[in-house]
Structure formats: structure tokens, C-alpha cells
Amino acid sequence: MAYEVSKRRFAELVEQALADVPEPFATHLEEVSVEIRMRPSRKQLREAGLEEDELLLGLYVGHPLTERSVIEGRGCRTSFSYSRRTSSW
């Protein structure tokens with residue numbers, strides 16, 4: 001059975017989860033934008049190696065900290081949080 005929350009409540013839960021991330025991890029999240037979407041796109045599912053009926057709760061897009069170089073710069077880093085099941089297309 002699905003647990004339903006409003007968009008506003010889901011945003012509050014994401015905000016609280018981010019506030020609860022302990023140091024030193026929280027420092028690394030300061031430059032990551034967090035976007036809340038209803039569900040992942042078909043392209044995002046495909047790139048994650050998932051079928052359309054599989055569940056994806058979140059997705060990080062960007063170079064991992066361990067793979068970044070000074071030459072690359074900061075680049076765009078985004079974390080997506082999805083509020084709906086992917087199977088309900």
C-alpha cells in the first residue's frame with residue numbers, strides 16, 4: 001500500500017532529511033541542487049538501467065567527488081527526489 005503525502009509535506013520531509021545529514025557529508029551537499037519531481041523521466045530510468053515499472057526514489061547527476069579534478073571545476077551537480085512511484089505512468 002502506498003503512503004501518500006502532499007507536495008508540500010514531501011518537500012518538508014526532503015528538507016528535514018537534508019538538515020539531518022551529518023558532517024562531514026553535509027558540507028559536500030552545499031553545492032548540490034536538490035530538485036523534487038513527481039517521477040523520473042523515461043530517459044533517467046533508462047540511464048539508471050531500470051525498466052519503466054521499477055522504482056527509483058532519487059538520482060544524483062554529476063561527477064562524484066572522488067572523480068573530480070581541479071581542472072574540471074565545480075560543474076553542475078543535481079540530486080533529484082521523486083515523490084511518486086514510477087509504475088504509475
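Quick caveat, the model's predicted, so the values are computed rather than measured.
Residues E52 and L45 share a closest heavy-atom pair of CA-CD1, 3.9 Å. S79 and V32 get closest at one heavy-atom pair: N-CG1, 3.8 Å.
Distance OG/S81 to CZ/R37: 11.0 Å, rounded to 0.5 Å. Distance CD/E23 to NE2/H28: 8.5 Å, rounded to 0.5 Å. Once rounded to the nearest 0.5 Å, the distance linking CZ of R39 with OH of Y82 reads 11.5 Å.
When side chains are defined from C-beta on, E12 does not count as touching E15, because their heavy atoms never get closer than 4.5 Å.
Under the 4.5 Å side-chain heavy-atom criterion for grouping Ile, Leu, Val, Met, Phe, Trp and Tyr, L13 is not connected to L59 through any hydrophobic cluster.
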